[in-house]
K.L.:
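I have a structure here, written as structure tokens, and I will follow up with some questions on it.
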Amino acid sequence: MGNMIGLFVVCGVAQMFFPWWSMAVAAFIFGFVMVEGKNDFVVFAKGFCGVALLWICVAALQFFTTSQIIATRISDLFSLPHPALCIAVCGVVGGVVAGIATFSGCQLRQAMFD
Amino acid sequence: MKWLKFTCSLVVLIFVVITGNSRLPIGNNKALPPLGKFCDPFHGFWANGESKTQTTLSLPALKDEVTVVWDEREIPHIFAKNERDVSIAQGYLTAKYRLWQMDFLARVASGRLCEVVGNRAKKLDEENRRIGLTFAAERTVAALEEKAPQVKKLLDAYCEGVNAYINSLSYEDYPVECKVLDYKPELWSPLKTFLVQKYMAKSLSYRSEDREMNNIIAAYDRKTMENLFPLKNSTSPIIPSGTEWAFTPHGIKDDKNARNTNKIYDIPFPNRPDMIKGSNNWAVSGKKTLSGRPMLSNDPHLKLFMPAIWLEMQLSSPEVNVYGVTIPGLPGIVIGFNENVAWGMTNSVWDVIDWYKIKYKSDKKDFYRFDDKWLPTTKRREVIKIRGEEDYVFDVVYTHHGPVSFDEPVPIALRWTAHDPSLEFKAFYILNRAKNYDDYRKALTYYDSPAQNIVFADVNGDIAITPNGKFPIKPDGFGRMLEDGTTSSTEWKAYVPYEHRPHIKNPESGFVSSANQHPTDDTYPYYYNGRFEYYRNVRINERLAKMQNITIKEFNSLLNDNYNVHASTVLPTLLKMVKGDDADSKSAIEILQKWDYNNDPDKIAPSIFYEWWRSLVPAIWDEFRDGKKYTKPGWHRTVEIIVQDPRSKWFDNVTTEKQETLEELAQNTFSGAVKKLSNAHGTLTSENTKWRWGNHRGCDVNHLMRIGAFSRKDLFVGGGRHIVNATRKNAGPSWRMVVELSSPIKAWGVYPGGQSGNPGSKHYDDFIGKWEQGELYELLFLASPQDRQEKCVRKLVIGAE
């Protein structure tokens, strides 16, 4: 759990300054440094949840402050039944990339040191 | 093994990141936006919400501070200490509101849309390159630079402002359309401004039926063509009948031999002049108004789009204080008013296009015949970069007539006034600063294309109107079909001198008006042709003649006038010819009989008449069914034949052996129309709201890229084609403005859309409701940044450092 919050913070900070893929770099490093690699699925899930949560929180914050209109139009554009689903879709997109990055980072460490 | 696992996962990761950063083709020439980039809540579409209020801004290009005040409707009122700073600030704010739209319009005009949308724009890109819009824009930039350097400097300042905004952007600030299509907005330039202007010139004046007339002559004879498409039967022209022409016209020698034609040209010719575009404007003198001051009104009818065509602003400096609307990309104000004058435009459909058949010396197309010589051509290499495909490369051949826009089956060169170097920007520069009638007249001397009927009123009490533009002098009947390009005898040799262009000031009637009708009656000494309006003008002039003690209420009622003059002239005749054969058609007849001819949104009769007329016209003109070769006579001529010549041969359907009559056509098309409506909407009852005009036809304001989610559809509005309230399914009054030339000036206006071009802003479409209701906002014309503070919501001082 603590791991995931770490990832959440690191990726959040990275994305404030760099493009979206900076979170993949951060998740990779996070996987390399922080995650124990006993169970492949758990490794992926940690990366996935950390960034999915980050993207969902930030998207929700945007939604409830300034971006409700644009989210409604984009959900309409992609035929999503409810604008809030936009938030979930974004969470999944971010989560998948981060999950793979974390997994990959973790694999590198195992290959190098274990 | 572990390294293998790592390598595999790394490959997957790289693949996923690259995929998330690129567009995903989903077939059918479509693609999804780059998912990772687009969904990113920090920089993706989520960042395109309501913009944060800017509290500080500095533009190093400025000489002095500029103060901008926004009113409740998000209209910026720019106050600067010199006119150059006004232009910089206008450029910056225009880009802030409408960057994507500007970029898009310039791309369309230059034939570069394929670069961002792929090959689905190939046809449009090719057309715009073949008719030489970029060539036209380049010549106009050069003309402005040479002949009006002061105005050019202001244009440069405007571009600097636009680019200051563009340079301040990072991905998260890009317009959402750029994110959807995944491209970067390009820097702005004077050429792009003129590309936007040429885009408008194309939209308003690139209309020609020369090929169709040619083909009708070839299939029938010249007399038939002239009978079906008469030139000289104006109804209520802009310059009232009986006005004397106080000049000696320039003569032109006519060589009729050069104008024989007998070949049918079955070629993919340019767009039909779509009659969607029209406009109304009028002005009344103080003796007809309650305030005793002149009043002016204008509503340009254009294809309606989101983001809206127009952007509203006030521009103020010691040299100028003007309010109105402009098209994003064009500096200054196009339609509006200042402290002394007001002006408005309607399109003149005076034909300013001709097509010349070219004879090349050889297939190399290096030389073409002209009189007894072979003249060299020039070639312009056009490279259309198509996203995801190979470049499409071709040459466009230029002759002294203009670009050879079509090569097959015969090469045809385009002669069009929009290609000639011109100084419209100087005209607008002077109009924006005009103090009186003389300034207005002076401004118009610089205005060539697209030709407009420019109405005027000022605080001194003068009103005037001028159908104005660069009009070639042509012999009678010239230029209605393809002309011979191998001889100088068919060339345009001279243009109607400015003083000879139709014009009227302070007529006795107390009003002037235009609605795309004939500029003059038959006594005007110069020949011209075009597809002119026959109905809106009649209604406007009738109502204006009767109006007294006019206030904004009367003008707004005229702007929203739904009276269908066309229906009133033909429906009584048609109704006598039909019987109801079932319950719905019996009720339909009854409804039409009781109709007051108003196309109001809650009425059913307009829906029935519309569908009926729409199927009757092609049934009558079955001879001209092939839209690639022919065009159909106008509504006015069709009504004349129905009412005056009910036994005309045109009512027969040429594909059947039987001799059809008008009665049969009327009955069949009526039954068909009612059936179509019943099938679509169910049984006709007064409660069945689907039959109502505002629901059956309604109005959609589509996004420029036709993105449904960024459009506003199904607006409940009335009006129609050839009706003063010219609202149609996708077109209509794009800006309604009324100005009272009192002191201080009072003005009202509305356009269907909103100031912001960002679909994520509440100001994207916040004027639509008001427009749909046919109401106007009171416009806030400020004397200073401190004026009427209770109406203003925020202020920004833009620093020069």
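In this text the structure is predicted, and so the values were computed from the model without any measurement. So you know, we letter chains A, B, ... as the sequences are listed, proteins then strands, and number each from 1.
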K.L.:
A side-chain contact here means heavy atoms from C-beta on lying under 4.5 Å apart; do A:Phe63 and B:Trp46 qualify?
P.N.:
yes
K.L.:
Given a strict heavy-atom distance threshold of 4.5 Å, which part of B:Phe710 is in contact with chain A: side chain, backbone, both, or neither?
P.N.:
both
K.L.:
To check you understand the geometry: which heavy-atom pair defines the closest contact between B:Gly36 and A:Trp55, and what is its length?
P.N.:
O-CH2, 3.6 Å
K.L.:
Please examine the side chains of B:Phe38 and A:Val93, heavy atoms only from C-beta on, and report whether any two atoms are closer than 4.5 Å.
P.N.:
no
K.L.:
Between B:Leu32 and chain A, which part of the residue has a heavy atom less than 4.5 Å away: side chain, backbone, both or neither?
P.N.:
side chain
K.L.:
If you compare all heavy atoms of A:Ile74 against all heavy atoms of B:Val176, which two are closest, and at what distance to 0.1 Å?
P.N.:
CD1-CG2, 4.3 Å
K.L.:
What I'd like to find out is whether the side chain of A:Thr65 reaches to under 4.5 Å of the side chain of B:Glu50, using heavy atoms alone.
P.N.:
no
K.L.:
So what's closer than 4.5 Å to chain A heavy atoms on B:Val12: side chain, backbone, both or neither?
P.N.:
both
K.L.:
Taking all non-hydrogen atoms of both residues, which atom of A:Arg73 and which atom of B:Asp765 are closest, and how far apart?
P.N.:
NH2-OD2, 3.2 Å
K.L.:
I want to check something: taking the side chain as every heavy atom from C-beta on, are A:Leu54 and B:Phe42 in contact at a cut-off of under 4.5 Å?
P.N.:
yes
K.L.:
Given heavy-atom pairs under 4.5 angstrom as the criterion, report whether the side chain, backbone, both or neither of B:Ser761 touches chain A.
P.N.:
backbone
K.L.:
Which one of A:Asp76, A:Val96, A:Leu61, A:Val89 has the most heavy-atom pairs closer than 4.5 Å to chain B?
P.N.:
A:Asp76
K.L.:
Between A:Trp20 and B:Asn21, does any side-chain donor sit less than 3.5 Å from a side-chain acceptor?
P.N.:
yes
K.L.:
With a 4.5 angstrom heavy-atom cut-off, which part of A:Phe18 approaches chain B: side chain, backbone, both or neither?
P.N.:
backbone
K.L.:
Does NZ in B:Lys30 sit with more than 12 non-hydrogen atoms of other residues, nucleotides or ligands closer than 6.0 Å?
P.N.:
no
K.L.:
Can you tell me which portion of A:Ile87 sits under 4.5 Å from chain B's heavy atoms? Options are side chain, backbone, both or neither.
P.N.:
both
K.L.:
Are the side chains of A:Leu108 and B:Trp3 in touch, meaning some heavy atoms are under 4.5 Å apart?
P.N.:
yes
K.L.:
Non-hydrogen atoms of chain B under 4.5 Å away: do they reach the side chain of A:Ala71, the backbone, both or neither?
P.N.:
both
K.L.:
Flag the pair B:Phe6 / A:Cys106 as yes when at least one side-chain heavy-atom distance between them is below 4.5 Å, and no otherwise.
P.N.:
no
K.L.:
What's the shortest heavy-atom distance between B:Pro41 and A:Val58, and which atoms?
P.N.:
CB-CG1, 3.7 Å
K.L.:
Chain A heavy atoms under 4.5 Å from B:Ile707: which part of the residue, side chain, backbone, both or neither?
P.N.:
side chain
K.L.:
Mark yes or no for whether B:Ser9, through its side chain, and A:Phe103, through its backbone, hold a donor-acceptor pair below 3.5 Å.
P.N.:
no
K.L.:
Report yes if some heavy atom in the side chain of B:Phe45 is under 4.5 Å from a heavy atom in the side chain of A:Cys86; otherwise report no.
P.N.:
yes
K.L.:
How close do B:Asp40 and A:Gln15 get, counting heavy atoms only, and between which atoms?
P.N.:
OD1-NE2, 2.9 Å
K.L.:
Which atom pair, heavy atoms only, marks the closest approach of A:Ile70 to B:Asn48?
P.N.:
CB-O, 3.8 Å
